[in-house]
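The block underneath contains the structure these notes are about, expressed in C-alpha cells.
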There are 2 protein chains.
Amino acid sequence: MDRIEAMRAFIHVVQEGTFTRAAERLDTSPQLVSKYVSQLEQHLGLRLLNRTTRRIHLTEAGNRYYQGAQQVLTDIDDMESQLGDLHTRAQGVLRISAPVSFAMHHLPPLLSAFQKAHPAVTIDLQLNDRKVDIVEEGFDVALRIGHLKSSSLIAKRIAPIRVVLCASPDYLKQHGTPTTPEDLIDHHYLHYTYMDMDSIKPIQKTLLSIGHDNRGIVSNNGDVLVATAMEGAGIVLQPTFISGAAIREGKLRIILREYEPEPIALYAVYAHRQLLASKVRSFIDFIDGFFGDPPYWDRFE
Amino acid sequence: MDRIEAMRAFIHVVQEGTFTRAAERLDTSPQLVSKYVSQLEQHLGLRLLNRTTRRIHLTEAGNRYYQGAQQVLTDIDDMESQLGDLHTRAQGVLRISAPVSFAMHHLPPLLSAFQKAHPAVTIDLQLNDRKVDIVEEGFDVALRIGHLKSSSLIAKRIAPIRVVLCASPDYLKQHGTPTTPEDLIDHHYLHYTYMDMDSIKPIQKTLLSIGHDNRGIVSNNGDVLVATAMEGAGIVLQPTFISGAAIREGKLRIILREYEPEPIALYAVYAHRQLLASKVRSFIDFIDGFFGDPPYWDRFE
DNA sequence: GTCGACAATCAACGATTCGTTGATAATAAA
DNA sequence: TTTATTATCAACGAATCGTTGATTGTCGAC
C-alpha cells in the first residue's frame with residue numbers, strides 16, 4: 001500500500017465530503033478511493049470515517065489523523081518542490097577539483113563567466129595534482145589531464161592537450177637544435193616529476209635516460225620548469241596550455257615537432273550520467289566548448 | 001512505489017553508511033533497498049547518493065532530502081503512535097444518545113462506574129426520545145428501546161424490556177380489576193404518545209380505541225404517566241424500568257398479566273463492528289451485563 | 001408508500017508491480 | 001593476483017493494483 005497516496009485520498013474525501021467527488025478530484029475511481037481509505041483504517045487499526053452511503057463524518061481518530069496527515073503531505077510537497085528547484089535551477093555549492101597549473105592558467109575566465117551565468121551557484125574549487133576520489137572526498141566534478149583508465153565514473157572529453165618539447169631560442173643557438181630523439185642525450189632536460197609517462201611513449205625512453213643522468217632540473221611544477229626554460233636553462237616537455245603563450249611570443253621554440261606524442265586530453269570526470277544535479281550538468285555543458293577547438297592556447301602558429 | 005518505505009530505506013542507508021547494513025536493519029535484502037533508493041531518485045528526478053561499490057556519500061540534494069525525510073517519518077510515527085494509544089487505551093469524548101426516561105432512571109450509576117473504570121473518557125450524554133441518526137449527528141453509540149428495523153448499523157441487545165399494564169390498588173378497588181382486554185374499554189387510560197405500538201400487538205387494538213375516546217391523559221413522558229397512575233388516575237402501559245420500583249413497593253399492581261406482550265429490548269446501536277475506537281468498545285462491553293439478567297428493575301416478584 | 005437516482009462497497013479479473021534469487025561488475029583488502 | 005565485499009542487474013513467481021460490473025443502503029420525488 002502506498003501510504004502517501006492513501007493519505008492523500010483520505011484527505012480529499014474529508015475535504016470534498018464524498019468518496020465520489022474525491023475520486024473525481026484525484027482523477028480515479030470511487031472504488032479505489034474507498035479501498036485506500038479502508039486500507040488506511042486497517043493499517044491504523046481503527047476507523048477514520050463513519051460513513052453511510054450518503055454522508056460522511058469524521059471519527060475522533062479521523063479528525064486527528066486528518067490534521068496530522070495534512071501537515072505531513074504539505075511537508076513532503078514542500079520538500080520535493082524544493083528539491084525540484086534544485087533540479088531545474090542551477091544552485092547550491094559546486095565542488096570542483098582541478099590540476100594546479102591548468103586551473104591557474106585557464107580557469108579564472110571560465111569561473112567568472114560561469115558565475116555570471118549561474119549566480120545561484122557557489123563554486124568551491126580545490127586545486128590538487130594528485131588523483132582525488134571524487135566520491136570519497138565529495139566532489140561534484142573533477143578536471144583531469146591524461147589518459148583515463150576505465151572506471152565506474154563518467155569522463156567527458158573537454159579539450160585535447162598537446163604536449164611539446166621546447167626550449168628558448170638562445171638555448172638552441174648555444175646547444176644546437178635536436179633533429180632526432182637521440183640528439184636529446186646531450187641536452188639539459190627540465191624534468192616534471194608528475195608527468196604521465198604513458199602518454200608520451202615515442203620519446204619516453206630517451207627522456208628517461210636523460211632524467212637518470214640528473215643533468216638538468218627536476219620539479220613537480222610545470223610553470224617553474226617552463227619559466228626556467230625561457231631563461232635558457234634547457235629543454236622542457238610540457239603541455240601547451242602552459243607553454244603556448246611563450247611559444248606564441250617567440251620566447252620558446254618547439255623542437256622535434258614530428259615526434260610530438262599523440263595529444264592527451266582534458267576530461268571532466270563526474271559520478272553519473274543520469275539524475276545529475278543541475279549545477280553539475282550546467283558546469284559540464286559550460287566548460288565543454290569554452291576553450292574552443294582547437295583550444296585558444298594552442299593558437300600559436 | 002511506497003514512498004514511505006522508500007524514504008525509510010534511504011534514511012537507513014544514510015545512517016548505516018551501507019546498503020547491506022541498512023538492509024539488515026530493515027530486515028530485507030540489499031537488492032530491495034537499492035531498488036527503493038533508485039526509485040526514490042527516479043521519482044525526485046535527481047541523485048541522492050553518490051555511490052561506489054564500497055562507500056556512499058550524500059549529494060547536496062540527498063542531504064536536504066535526508067533531513068526533510070527524517071522529519072516526515074518521525075511526524076508520521078508520532079501521529080500513528082498517538083492514534084495507537086487512542087485505540088488501545090480508552091480515551092477521548094464518548095458521545096452517547098439515550099432515551100430520556102431510561103437514562104434518568106438507570107444510567108447514572110452506570111456512568112459513574114464507567115467513569116471510574118475509564119477516567120480518560122469524557123462522556124457526552126444527549127437525551128432524546130426521537131430516533132437520532134448517529135452518523136449524521138456524530139454519536140459514537142445510541143441506546144434504543146424497541147424492535148429495530150434492519151439497517152447498516154450494528155445493534156447489540158443489552159437487556160429485555162418488559163412492558164406491563166398496571167394501575168394503583170386504590171384505582172382498581174374503585175373501578176374493578178380487568179380480566180380480559182375487552183374490560184379495558186371502561187377504564188381511564190394514561191396514553192404514551194411515543195409508544196411503539198408494533199411491539200404490543202395483543203392489546204393494541206383495545207388500547208387504541210380507548211385512546212380515541214380521549215378518556216384519560218396523554219403525555220410523551222412515561223414518568224409523568226406512571227406517577228399519575230400511582231395517584232389513582234387510571235391504567236398505564238409502561239416499561240418496567242419505569243414502573244418496576246412502584247410495583248415492588250406495592251404502589252402499582254400489574255393487571256392482565258397473561259396478556260403481557262413479548263418483551264422488547266434495549267439495544268446499543270453503533271456504526272461498525274470492526275475498527276471500533278476503544279472508548280466505544282469499552283462502553284459496549286461495560287453496559288452489556290451491567291443491569292443483570294433479568295435486569296434489576298424487573299425484580300419485583 | 002413506492003420508485004428512481006445516487007453513493008459506497010463488494011467481487012472478480014487482468015495487468016502491473018513487488019520482492020526474492022542468482023548472476024555480474026567493481027573495488028578494497030590480503 | 002586473488003579473495004571478499006558491495007551494489008546493481010536480470011528474471012521469475014507471487015502478490016497487489018486498479019478497473020469493471022453488480023449489490024446494498026439511503027435520499028428525494030411522485
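Here is the naming used below: chain letters follow the sequence lines, and residue numbers restart at 1 for every chain. Predicted, not measured: the structure shown is a model, and the values here were computed from it.
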At under 4.0 Å, does any side-chain N or O of B/T20 touch on OP1 or OP2 of D/dA7?
yes
For B/E60, give me all partners under salt bridge (charged side-chain N to carboxylate O under 4.0 Å, His left out), at least two apart in sequence or on another chain.
A/K279, B/R64
Here the distance between atom C1' of D/dA7 and atom CD of B/E24, to the nearest Å, is 14 Å
Restricting to side chain to side chain donor-acceptor pair (under 3.5 Å), what partner residues turn up for A/Q70, sequence neighbours left out?
A/Y66
Evaluate B/D77 against B/R8 for salt bridge (Lys or Arg N to Asp or Glu O under 4.0 Å), listing each step before the verdict.
CA-CA 11 Å; B/D77 287 347; B/R8 210 178 294 279; 3.7 Å; yes
With sequence neighbours excluded, what pairs up with B/Q82 under the side chain to side chain donor-acceptor pair (under 3.5 Å) test?
none
Within this structure, what is the CG-to-P distance between A/L40 and C/dT9, rounded to whole angstrom?
13 Å
C/dT17 P sits how many Å from B/E5 CD, rounded?
19 Å
With sequence neighbours left out, the residues meeting side chain to side chain donor-acceptor pair (under 3.5 Å) with B/S101 are B/D223
Nearest-Å distance for atom pair CD/C1', residues B/Q42 and D/dT8:
14 Å
In residues 19-32 of chain A, what donor-acceptor pairs under 3.5 Å come from side-chain atoms, sequence neighbours left out?
residue: A/R21; atom: NH2; partner: A/E16; partner atom: O; Å: 2.6
residue: A/R25; atom: NH1; partner: A/E16; partner atom: OE2; Å: 3.2
residue: A/S29; atom: OG; partner: A/L32; partner atom: N; Å: 3.3

Starting from C1' on C/dA8, measure out to CZ on A/R21 and report it in whole angstrom.
14 Å
Overall bend - the helix from C/dG1-D/dC30 to C/dA30-D/dT1, comparing terminal axes fitted on five pairs, nearest 10 degrees:
30°
Atom CG of A/L49 and atom C1' of C/dT9 are separated, to the nearest Å, by 14 Å
Residue list, side chain to side chain donor-acceptor pair (under 3.5 Å) with A/D2, at least two apart or on another chain:
none
Tell me, please, which residues at least two apart from B/D133 pass salt bridge (charged side-chain N to carboxylate O under 4.0 Å, His left out).
none
Counting C-beta onward and ignoring hydrogens, is there a side-chain heavy-atom pair between A/L44 and B/E80 closer than 4.5 Å?
yes
Salt bridge (charged side-chain N to carboxylate O under 4.0 Å, His left out) filter on A/D78, not counting sequence neighbours, yields none
Under 4.0 Å protein heavy-atom contact, by nucleotide of nucleotides 9-21 of chain D - B base, S sugar-phosphate only:
B-B-----SBBBB
Applying salt bridge (charged side-chain N to carboxylate O under 4.0 Å, His left out), name anything that partners A/D124, two or more places apart in sequence or on another chain.
A/R95
Expected rows: protein N/O vs nucleotides 28-30 of chain C N/O, under 3.5 Å:
residue: C/dA28; atom: O4'; partner: B/R54; partner atom: NE; Å: 3.2

